[in-house]
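Remarks on the structure that follows.
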2 protein chains.
Amino acid sequence: MKIEILTRNENQEIQNEIISKIRDLMNYKNLEPGDKLPSERMLSEKFGVSRSNVREAIHKLEFYGLLKSKPQSGTFVADIGQVAMNGMIEDILRLEDPDFKSLVETRILLELKTVRLAAQRRTEQDLIQMKMALEAYSEKVKAGQDAVQEDLLFHLAIAKASGNSTMNTFMLIITPEIITKFEEHHVCDKGLAFTGIQEHWDIFDAIKAQDPQLAKQKMKTHFKTLYQYCYNI
Amino acid sequence: MKIEILTRNENQEIQNEIISKIRDLMNYKNLEPGDKLPSERMLSEKFGVSRSNVREAIHKLEFYGLLKSKPQSGTFVADIGQVAMNGMIEDILRLEDPDFKSLVETRILLELKTVRLAAQRRTEQDLIQMKMALEAYSEKVKAGQDAVQEDLLFHLAIAKASGNSTMNTFMLIITPEIITKFEEHHVCDKGLAFTGIQEHWDIFDAIKAQDPQLAKQKMKTHFKTLYQYCYNI
DNA sequence: CAAACCAATCTGGTTAACCAATTTGAGTAA
DNA sequence: TTACTCAAATTGGTTAACCAGATTGGTTTG
């Protein structure tokens, strides 16, 4: 799911194998929504793997909402049908690690939306938090220091103000990888931080003024100056 | 059922507590990017909790890219600074479970994008898979059967064809919850399935013709007829 | 005969012991 | 002094034993 190192890839392999075996079992036994999976011990024995491996695989399927473990009771098949179950497991098995381009593409999409929603829904409390993040960012930049973190925190504050918990979560998921990649490629110490200050305040003002279209436009401008440095990554 | 929720919340609680303790420790000890966290055993002893609890908390922070465990070596702080670390942990602790409205809002946003990308990037193989999903859907509807699953699989096929692995992952994450909620509220057995067939084929044709704007427009139409049933949920 | 009950059993979760790879630092040789 | 060696200690991961609570099916009781 994240950037994995070799040792973990090996792990990933046997986990995927277990997941596909679970899928086969569900098909073979014609398990329907609500049915109970064999116990973890039984699965680990049948598959010839350790119980903790089975648990990890179940955890992953649980994360994607396909299974549901009840303590002292059993693991149950979620309320989606067999067709969707097979299709989704197939997709999960073939999931590749996200590349940088895909992350950036998604970030832009999410932020152009969250900034509009934030302009519509922001509370006074949201404004305060955004302003705090923004001032911390400005100070760092003016002191000539690196400010990627403060930058990202401002963007996360916008996501929070959007009032959409799903997008907020997604922003949290992709943010650290973006930070890492940025610092790897030294995107941010190229003197574009100073122009960034004004752009950020423009975005903030538009949100404060509750003008979604303006906010989106300012965010677009911001990304334009930002990602012109990224095309050669 | 209530008990199940309670126990899980309880679990969530102590996990969050551990996470905030880890944050405090990182602040107190001034741990910087790349530094090593105390060992799992030491943390479990210091916090007075079991080692597996500590491991779960670390796993969660690892999922969000804030920590990185190296086997037989230690757990290391990710390459984002202290400020971003504190901000992100704060956000993670306050993360709420996504509500239906937020899920739908996000799904629409994602799909209006993936359908455009799919129109630009789809391969012949993608077309074949989408067509298969679509035919399965049509048959079920014509047979008068429920076809939510096949519906969603078609949409997932579009996400795959978009060539953006991050969006693909996100679609996989929200899909099962959407299915469940849909079936809970009986969104789909209100006779809108038949109109859905044509709408789906329109989307498919636009993708095949590599016309992003048309594809987006058709998807918009599709959502319009779909979610007019959802406003009263 | 049906409903209430209870203990044997089965379950996921937890704990503790164990493993192999990695660090580390004192000792050694150049 | 410096570079190298190697074994002991430390680490995250793995395995197996254990726990408390849920399930279940036969028995009892009204």
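A note on names: the letters A, B, ... follow the listed sequences, proteins ahead of strands, and every chain is numbered from 1. Basis for what follows: all heavy atoms, side chains included, without hydrogens, waters or symmetry-related copies.
A distance-only check finds a donor-acceptor pair linking the side chain of A:Asn164 to the backbone of B:Ser102 [under 3.5 Å]. Here the side chain of B:Gln149 pairs a donor or acceptor atom with the backbone of A:Ala84 at under 3.5 angstrom.
In this pair, A:His200 and A:His155 present their aromatic rings perpendicular. The plane angle is above 60°, beyond the 30 to 60° band.
Between the CD atom of B:Glu56 and the P atom of C:dG12 there is a distance of 16 Å, given to the nearest Å. Here the C1' atom of nucleotide C:dT23 and the NZ atom of B:Lys36 are 7 Å apart, to the nearest Å. Atom-to-atom, CE of B:Met42 to P of D:dT11 comes out at 5 Å; the value is rounded to the nearest Å. In this structure, B:Lys70 atom NZ and C:dT24 atom P are separated by 11 Å, rounded to whole Å. A straight line from CD of A:Gln72 to P of C:dG12 spans 9 Å, rounded to a whole angstrom. C:dC19 atom C1' lies 15 Å from atom CD of B:Glu40, rounded to whole Å. Atom CZ of B:Arg55 and atom P of C:dT14 are 14 Å apart (whole Å). In this structure, the CD1 atom of A:Ile14 is 13 Å from the P atom of D:dG13, given to the nearest Å.
Contact annotation: B:Ser39 side-chain N/O to D:dT11 OP1/OP2 distance is under 4.0 Å. The shortest distance between the side-chain N/O atoms of A:Thr75 and the OP1/OP2 oxygens of C:dG12 is below 4.0 Å.
With a 4.5 Å cut-off on side-chain heavy atoms, B:Met26 and B:Gln82 do not count as touching.
The nearest heavy atom of DNA chain D to A:Ser52 and to A:Ser73 marks one nucleotide each, and the one closer to the 5' end goes with A:Ser52.
Near DNA chain D, meaning a heavy atom under 4.0 Å from it, residues 19-32 of chain A has no residue at all.
Remark: aromatic rings of A:Phe170 and B:Phe170 are close, center separation under 6.0 Å.
The pair A:Arg121-B:Glu105 counts as a salt bridge, with a side-chain nitrogen and a carboxylate oxygen less than 4.0 angstrom apart. The existence of a salt bridge linking A:Lys160 and B:Asp91 is confirmed by a sub-4.0 Å separation between a basic side-chain nitrogen and an acidic carboxylate oxygen.
Checking C:dT15, C:dG12, D:dG13 against the side-chain heavy atoms of A:Ser69 singles out C:dG12 as nearest.
With hydrogens and angles ignored, a donor-acceptor pair closer than 3.5 Å exists between the side chain of B:Arg41 and the base of D:dG12.
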